[in-house]
Number of protein chains: 2
Amino acid sequence: MTLVDPVLQRSSPVPLYFQVAQHLEAAIERGDLRVGDRLENEVTLSERWGLSRPTVRQAIGDLVDKGLLVRTRGVGTQVVRRRVQRQVQLTSLFEDLRSSGQQPTTSVLVLERAPADDEIAEHLGLPSGSEVVHIERVRRARGVPLAVLRNWLPVTVAGSIERAALEEHGLYECLRTVGAHVHSAQQRIGARAASAAEARLLEVRRGAPLLTMERSASDDRARPVEWGSHVYDARAYSFTVNLQSG
Amino acid sequence: MTLVDPVLQRSSPVPLYFQVAQHLEAAIERGDLRVGDRLENEVTLSERWGLSRPTVRQAIGDLVDKGLLVRTRGVGTQVVRRRVQRQVQLTSLFEDLRSSGQQPTTSVLVLERAPADDEIAEHLGLPSGSEVVHIERVRRARGVPLAVLRNWLPVTVAGSIERAALEEHGLYECLRTVGAHVHSAQQRIGARAASAAEARLLEVRRGAPLLTMERSASDDRARPVEWGSHVYDARAYSFTVNLQSG
DNA sequence: TAGTGGTCTAGACCACATT
DNA sequence: ATGTGGTCTAGACCACTAC
């Protein structure tokens with residue numbers, strides 16, 4: 001037995017199944033349970049830990065959903081991955097530089113209220129011509145521009161966002177501090193040649209390959225929160241997408 | 001009450017919670033339940049349908065995971081989306097043409113066994129120089145080439161794949177018929193300028209923007225199944241990525 | 001205060017994979 | 001034949017939201 005029993009706190013507000021899931025996830029992360037290892041069966045675990053089987057099952061089920069475990073009827077439960085993978089990650093020179101201690105920067109070109117044109121209004125589910133917050137930013141590393149980020153948000157959501165916050169933190173971080181929680185987003189990733197204006201902003205030649213991303217984001221009541229249209233220098237950025245059971 | 005009761009078949013091998021989930025999903029899809037509508041509470045539903053509350057809860061939970069419903073404690077369960085969204089979808093001229101009745105084609109340039117170079121061997125978790133299956137295909141619509149798809153697979157997985165199958169069906173479809181089930185995949189999406197060779201194959205000018213995708217796929221025991229490196233004409237393809245609770 | 005979902009129990013029987 | 005996960009029941013109490 002390499003798996004230590006969890007220390008369960010029944011008085012804690014943290015649900016028991018969650019405590020168990022955290023314990024198992026930590027054991028996998030630490031390497032106590034390795035890829036390919038089998039867990040003991042659910043009945044044995046629940047008896048040893050003094051829990052009902054459904055409670056243990058819920059914990060295991062959560063880790064299955066996270067992609068760390070697989071259950072096979074008649075066989076058992078096995079570890080298949082050591083770490084949780086994020087669904088989508090923008091792997092960028094910008095983040096690499098930040099984590100390696102260098103200081104990339106974000107400068108805000110535009111932060112204004114303006115009437116929405118038809119396309120923006122449609123994306124945000126607002127009447128055409130409604131006032132919206134329009135943000136335009138440039139990301140630079142060592143002074144070299146790498147990305148141009150353009151966003152439009154309902155005034156009700158982003159009316160109080162400040163320029164200084166946007167230069168220090170990501171947009172979603174700013175939205176959280178204002179109480180807007182993004183629940184789901186749809187992104188469209190493509191590529192195209194740089195227009196003259198984009199080439200000027202990004203200091204690349206006209207026609208250079210750019211990675212593009214358009215995004216619609218909504219809160220948990222399906223209300224539109226943000227629409228964005230971003231372009232990235234293709235040499236500096238790529239997207240990583242992780243899929244399961246496809 | 002706009003929601004019709006489900007017809008439950010207790011003798012069916014289909015689980016009750018799944019029958020309920022299908023019934024709710026169909027009602028949402030049909031529009032009987034619209035975005036914003038609230039379900040009756042779980043206790044009432046389970047009593048009316050002659051099921052235990054956990055069974056009804058599991059059905060609702062599955063649709064929450066699919067992103068169709070949201071549950072809020074003290075409030076209730078609401079519809080937030082009408083259709084299930086696929087996690088990642090390659091939206092392409094190719095698929096558009098197929099669904100509009102036109103006939104796009106896939107031609108197999110290469111289907112061979114060859115020793116893996118270091119990079120391929122690493123991606124497939126094999127010793128360097130191991131024999132692998134190497135596939136190279138071109139996708140065309142109306143005779144115009146739109147994508148070049150290059151894949152490498154372990155011989156144990158793809159040893160019996162045939163040229164004709166690859167010209168008729170997608171790679172993953174072929175893998176399923178051979179008993180290889182892809183469980184998870186990691187994709188890296190980027191952009192770059194077309195090399196001379198790529199420009200020739202895709203009939204674009206050298207330096208034209210291409211959308212690129214590299215993919216590692218594994219089965220449910222975390223064994224590598226496939227590694228692929230694809231390039232797409234950026235005018236014809238884009239990726240759609242759907243995120244939740246991010 | 002009333003009503004909702006969130007958590008938990010202690011069983012039961014079944015389907016499937018392995019031996 | 002055995003052991004595993006898959007499904008299901010009939011309750012219980014709690015935490016949160018809205019009024």
Side-chain angles (χ1 to χ4, degrees), chain A residues 3 6 8-24 36-65 68-80 179 181 183 219-221 245, chain B residues 1 3 6 8-24 33 36-65 68-80 179 181 183 219-221 245:
Chain A
L3 180 59
L8 298 173
Q9 301 183 305
R10 297 192 97 94
S11 60
S12 162
V14 179
L16 292 171
Y17 77 88
F18 196 84
Q19 295 182 37
V20 172
Q22 280 186 315
H23 179 257
L24 289 173
D37 281 0
R38 278 233 295 272
L39 260 57
E40 288 177 279
N41 72 66
E42 297 173 350
V43 176
T44 306
L45 288 178
S46 55
E47 282 171 358
R48 170 162 42 243
W49 295 340
L51 297 169
S52 69
R53 185 177 162 211
T55 301
V56 173
R57 230 183 117 66
Q58 184 172 1
I60 292 175
D62 283 2
L63 299 187
V64 170
D65 290 342
L68 296 177
L69 300 175
V70 283
R71 285 193 282 215
T72 317
R73 174 164 15 186
V75 178
T77 304
Q78 271 183 306
V79 179
V80 283
H181 293 269
H183 172 263
D219 69 10
D220 60 9
R221 298 282 160 87
S245 42
Chain B
M1 254 300 293
L3 179 61
L8 298 172
Q9 300 182 307
R10 299 191 96 94
S11 60
S12 161
V14 178
L16 292 172
Y17 76 87
F18 196 84
Q19 295 183 38
V20 172
Q22 281 186 314
H23 179 256
L24 288 173
L33 293 171
D37 281 0
R38 278 233 296 273
L39 260 57
E40 287 177 280
N41 72 66
E42 297 175 349
V43 176
T44 306
L45 289 179
S46 53
E47 281 170 359
R48 170 163 39 244
W49 295 339
L51 298 169
S52 70
R53 184 177 162 212
T55 300
V56 172
R57 229 182 117 65
Q58 184 171 1
I60 291 175
D62 284 2
L63 299 187
V64 170
D65 290 342
L68 295 177
L69 300 175
V70 283
R71 285 193 282 215
T72 315
R73 179 169 6 191
V75 178
T77 304
Q78 270 184 309
V79 179
V80 283
H181 293 269
H183 172 263
D219 68 10
D220 59 9
R221 299 282 158 85
S245 45

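As a basis for the values below, the full set of heavy atoms in this structure was taken, side chains included, without hydrogen atoms, waters or symmetry mates. Every chain is numbered from 1, with letters handed out A, B, ... down the list of sequences.
Residue A:Thr55 places at least one side-chain N or O under 4.0 Å from the OP1 or OP2 atom of C:dT9.
Rounding to whole angstrom units, CD of residue B:Glu47 and C1' of D:dT9 are separated by 14 Å. The interatomic distance linking A:Arg10 (CZ) with D:dC14 (C1') rounds to 14 Å, in whole Å. Distance B:Ile60 CD1 to C:dG6 C1': 13 Å, rounded to the nearest Å. One interatomic measurement links the two molecules: CZ of A:Arg38 to P of C:dT18, which rounds to 9 Å at whole-angstrom precision. At whole-Å resolution of the value, CG in B:Leu69 and C1' in C:dG6 are 16 Å apart. Taking atom CG of B:Asp62 as the reference point, atom C1' of D:dC8 lies 15 Å away to the nearest angstrom. Atoms CG (A:Leu45) and P (D:dT4) sit 10 Å apart, rounded to a whole Å.
Sorted by first and then second residue, the pairs that involve residues 49-63 of chain A and meet side-chain hydrogen bond (donor to acceptor under 3.5 Å, both in side chains), not counting sequence neighbours, are A:Asp5-A:Trp49, A:Glu42-A:Arg53, A:Glu42-A:Arg57, A:Ser52-A:Thr55.
A:Leu51 has its side chain out of reach of A:Leu45: every pair of non-hydrogen atoms, C-beta onward, lies at least 4.5 Å apart. Taking 4.5 Å as the limit, every side-chain heavy atom of A:Glu40 sits out of range of all side-chain heavy atoms of A:Leu3. B:Val75 places a side-chain heavy atom less than 4.5 Å from the side chain of B:Arg38. Two residues are said to be in side-chain contact when any heavy atoms from C-beta on lie closer than 4.5 Å; B:Val64 and B:Val70 fail this criterion. Side-chain contact between B:Asp219 and B:His181: absent, with no pair of heavy atoms (C-beta onward) separated by less than 4.5 Å.
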Passes side chain to side chain contact (heavy atoms under 4.5 Å, CB included), A:Val56 versus A:Val43? Steps please. CA-CA 9 Å; A:Val56 173; A:Val43 176; over 6 Å; no
Shorter than 3.5 Å, N or O on both sides, protein versus nucleotides 2-5 of chain C: list them out with atom names.
from  : atom 1 : to      : atom 2 : distance (Å)
C:dT4 : OP1    : B:Asn41 : ND2    : 3.0
C:dT4 : OP2    : B:Asn41 : ND2    : 3.0
C:dT4 : O2     : B:Gly74 : N      : 3.2
C:dG5 : OP1    : B:Thr77 : OG1    : 3.2
C:dG5 : OP2    : B:Glu42 : N      : 3.0

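Annotation for B:Gln9 and B:Leu16: closest pair O-CD2, 4.4 Å, computed over non-hydrogen atoms.
Note that the CD1 atom of B:Ile60 and the CG atom of B:Leu68 stand 12.0 Å from one another [nearest 0.5 Å].
Near-neighbour residues of DNA chain C inside residues 12-20 of chain B, defined by a heavy atom below 4.0 Å, are absent.
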